[in-house]
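This structure is a prediction, so every number in the text was calculated from the model and none was measured.
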Amino acid sequence: MDHIQPIIYDVGMNNGDDCEYYLTKGYRVVAVEANPALCQRAVLRFERELAEKRLSVLNLGVGAKPGRLPFMFIRQTPF
């Protein structure tokens, strides 16, 4: 029987640094991120891990009840 690696759920993946950490430790990772731009960056950054099925990137948000809401970007200005 094959050894099944534990799964880490990274809710709020952001730039993917936590995903990278857990992947290097041998975990499989399910990353959840509401920002579509960050998901696209993760797809490029983790191309190999996605192909190896060690990582899944889900572009969705988590809320108190089911439904759809628009994703809103807030521009930050340097201080």
R48: what forms a side chain to side chain contact (heavy atoms under 4.5 Å, CB included) with it, not counting sequence neighbours?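 In terms of side chain to side chain contact (heavy atoms under 4.5 Å, CB included), with neighbours along the sequence ignored, R48 is linked to E52, R54.
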If you look at every heavy atom in [X] and [Y], which pair is closest and at what distance?
X   : Y   : result
G16 : F46 : O-CZ, 3.4 Å
C39 : E33 : SG-O, 3.4 Å
A42 : V57 : CB-CG2, 4.2 Å
C19 : L55 : SG-CD1, 4.4 Å

Does R28 have more than 12 heavy atoms from other residues, nucleotides or ligands lying within 6.0 Å of its CZ?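 Atom CZ in R28 is packed in, count exceeds 12.
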Is it true that atom OH of Y9 has more than 12 heavy atoms of other residues, nucleotides or ligands lying nearer than 6.0 Å?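 Atom OH in Y9 is not packed in, count stays at 12 or less.
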Using the rule that Ile, Leu, Val, Met, Phe, Trp and Tyr join whenever any side-chain heavy atoms are under 4.5 Å apart, tell me whether [X] and [Y] fall into a single cluster.
X   : Y   : result
Y21 : Y27 : yes
V43 : Y22 : yes
V62 : L38 : no

How would you list all residue pairs meeting salt bridge (Lys or Arg N to Asp or Glu O under 4.0 Å) that involve residues 3-19, not counting sequence neighbours?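 Listed by first then second residue: D17-R45.
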Could you tell me if the side chain of I7 sits less than 4.5 Å from the side chain of V29, heavy atoms only?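 Side-chain contact under 4.5 Å: no.
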Considering only heavy atoms from C-beta outward, does the side chain of V32 approach that of L60 to under 4.5 Å?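 Yes. Closest side-chain heavy atoms under 4.5 Å.
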Quick one: list whatever passes side chain to side chain donor-acceptor pair (under 3.5 Å) with E47, sequence neighbours left out.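 None.
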Rounded to the nearest 0.5 Å, what's the gap from CG on N14 to CG on N35? Could you check?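 Interatomic distance, N14 CG to N35 CG, rounded to 0.5 Å: 8.5 Å.
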